[in-house]
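Read the structure below first, then the notes.
Please read all numbers here as calculations on a predicted model, not as lab measurements. Every heavy atom of this structure was used, including side-chain atoms; hydrogens, water molecules and symmetry mates were not.
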Amino acid sequence: MNTASLPPALSENDEISELIELLHRTEQRLHKLTAGEVDTVANRQGRTLLLSHAQEHRRQHEAARQASIVDALPMHIALLDARGIVVSVNDAWRAFADSNCMSDDGWGVGVSYLRVCDAACGANADGAQHVGTGIRAVLSGERDRFSIEYPCHAPDQQRWFLMTVTPLPGDPPTGVVVVHVNISERIQAEEAQRALQQLLTDVVENMPTAVQLKSVKDDFRILIWNKAAETMFGVSRDAAIGRNVHDIWPGQEGEHMYAADVELASRAIMQDFPDHVISSRDRGPIHAHVRKVALRDERGTLSHILVVADDMTIQRAA
């Protein structure tokens, strides 16, 4: 880029006004004489000033650069003005509209997003109207952000999206940016995790072996107490969950059990009691084969104690 210097004929007082006038005269002449090669001029202090045609070129270049960045993003993005009308959308928005046969209205450009939300009907009407309320709250400045997760299933797949609405600068905002992010993988993973958790819960609940799970960091309070434990010890789940052995077996028996838990936590080893005598509230003393295992979390810290017990009273009597 070449730079042309102004002649040093300006006084200190009127330099700015004369410089502006001179710029207007010089710019056209320089642009014509140099075929657009000169984009700047410099004053006596060496400050470089951008000519208007170069400023416009820079603005266009920056706008194109920002548009290309937005178009490259995978989320669906729309720009709404202060009235809630869609003024622009990115490539991902257009592609989604095309794949869902929604491009007849120009991918929504020129359409009132708020009016679409207000006119929604059917199963998703309440959610759409909630979205309209959220967008209005951001446009009015009442809220600085709005977000919602929602399903948007297709005939051949289940989909979920996270919608976020953020304001454009202004008081009140001059518009909002609406972004829809596909979160289907996350939702499906969470549902799979919940299904697995339920399966494990059902397995533990229906095991013939009594199962207890205790939290080390919460004074060995019981988190899991299955049906077999209820039957063996004569203590209901409601009476066991959230309590430790002191509460269930008061006196020395509970103290011995608690001491065994502390020892296991300190040594982090497995404990095996082939013939452990435990008091059952319904049956009195019973013989049980008790095994305790120390469990660690993902950081390797001791977190829980798993206790499994088999009722050996009948075998012992035999």
Side-chain angles (χ1 to χ4, degrees), residues 65-169 173-203 297-299 303:
R65 187 182 71 86
Q66 293 180 3
S68 64
I69 293 174
V70 173
D71 281 337
L73 296 174
M75 60 277 294
H76 314 148
I77 302 174
L79 179 65
L80 277 57
D81 66 14
R83 299 170 297 169
I85 296 176
V86 180
V87 294
S88 66
V89 296
N90 73 337
D91 282 350
W93 183 290
R94 287 187 281 268
F96 182 81
D98 288 338
S99 64
N100 290 273
C101 302
M102 298 162 53
S103 58
D104 291 342
D105 58 355
W107 306 290
V109 175
V111 174
S112 172
Y113 203 100
L114 296 175
R115 189 170 299 171
V116 172
C117 293
D118 294 340
C121 58
N124 298 322
D126 291 343
Q129 291 164 8
H130 179 57
V131 168
T133 301
I135 293 176
R136 286 186 173 94
V138 177
L139 283 171
S140 66
E142 180 182 346
R143 298 181 59 170
D144 58 3
R145 181 185 177 89
F146 171 78
S147 63
I148 185 175
E149 293 183 3
Y150 66 94
C152 181
H153 302 320
D156 59 340
Q157 62 177 323
Q158 289 191 318
R159 303 176 302 194
W160 289 264
F161 289 87
L162 169 64
M163 174 185 181
T164 59
V165 181
T166 53
L168 294 173
T174 56
V176 294
V177 178
V178 177
V179 179
H180 297 261
V181 180
N182 192 325
I183 57 171
S184 300
E185 289 188 6
R186 194 203 80 195
I187 296 295
Q188 290 166 355
E190 291 174 352
E191 290 188 344
Q193 181 65 29
R194 283 193 293 269
L196 177 60
Q197 182 66 39
Q198 185 59 51
L199 177 61
L200 293 176
T201 299
D202 293 342
V203 169
D297 59 20
E298 64 276 3
R299 294 172 294 184
S303 59

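- L139 and D81 get closest at one heavy-atom pair: CD2-O, 3.8 Å.
- Taking CD from Q193 and CD from Q198, the interatomic distance works out to 12.5 Å, rounded to the nearest 0.5 Å.
- Here M163 contributes atom CE and I135 contributes atom CD1; the two are 4.0 Å apart, rounded to the nearest 0.5 Å.
- Using cut-offs of 30° and 60° for the angle between ring planes, the H180 and Y150 rings count as perpendicular.
- Annotation for R186: atom CZ counts as buried by contact number, over 12 foreign heavy atoms lying within 6.0 Å.
- Under the ring pair (Phe, Tyr, Trp, His ring centres under 6.0 Å) criterion, F146 pairs with H130, not counting sequence neighbours.
- Here the CD atom belonging to Q197 is positioned 10.0 Å from the CG atom belonging to D202, to the nearest 0.5 angstrom.
- With rounding to the nearest 0.5 angstrom, the OG atom of S88 is 9.5 Å from the CD1 atom of I77.
- With sequence neighbours excluded, the residues that form a side chain to side chain contact (heavy atoms under 4.5 Å, CB included) with D118 are R136.
- Between the side chain of R159 and the backbone N or O of C152, at least one donor-acceptor pair lies under 3.5 Å.
- With rounding to the nearest 0.5 angstrom, the CG atom of L196 is 9.0 Å from the OG1 atom of T201.
- The side chain to side chain contact (heavy atoms under 4.5 Å, CB included) with W160 is formed by just one residue from the set H153, E190, E185, E149; it is H153.
- Closest approach of A128 and C117 over heavy atoms only: O-CB, 3.3 Å.
- When all heavy atoms of A92 and P74 are compared, the pair lying nearest together is CB-O, 3.5 Å.
- Inter-residue side-chain proximity for L79 and L168 is flagged as met; some heavy-atom pair is nearer than 4.5 Å.
- Between P167 and D144, the shortest heavy-atom distance links the atoms CD-O, 3.3 Å.
- For the pair R94 (side chain) and V89 (backbone), a donor-acceptor distance under 3.5 Å is present.
- Under the 6.0 Å cut-off for aromatic ring centres, F161 and H76 qualify, their centroids lying closer than that.
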Stepwise side-chain contact (heavy atoms from CB on, under 4.5 Å) test for V138 and T166 | CA-CA 7 Å; V138 177; T166 53; over 6 Å; no

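- Note that CE of M75 and CG of N182 are 10.5 Å apart. Values are rounded to the nearest 0.5 Å.
- The minimum heavy-atom distance linking Q129 with A120 is given by the pair NE2-O, 3.9 Å.
- Between L162 and S147 the shortest heavy-atom distance is CD1-CB, 4.4 Å.
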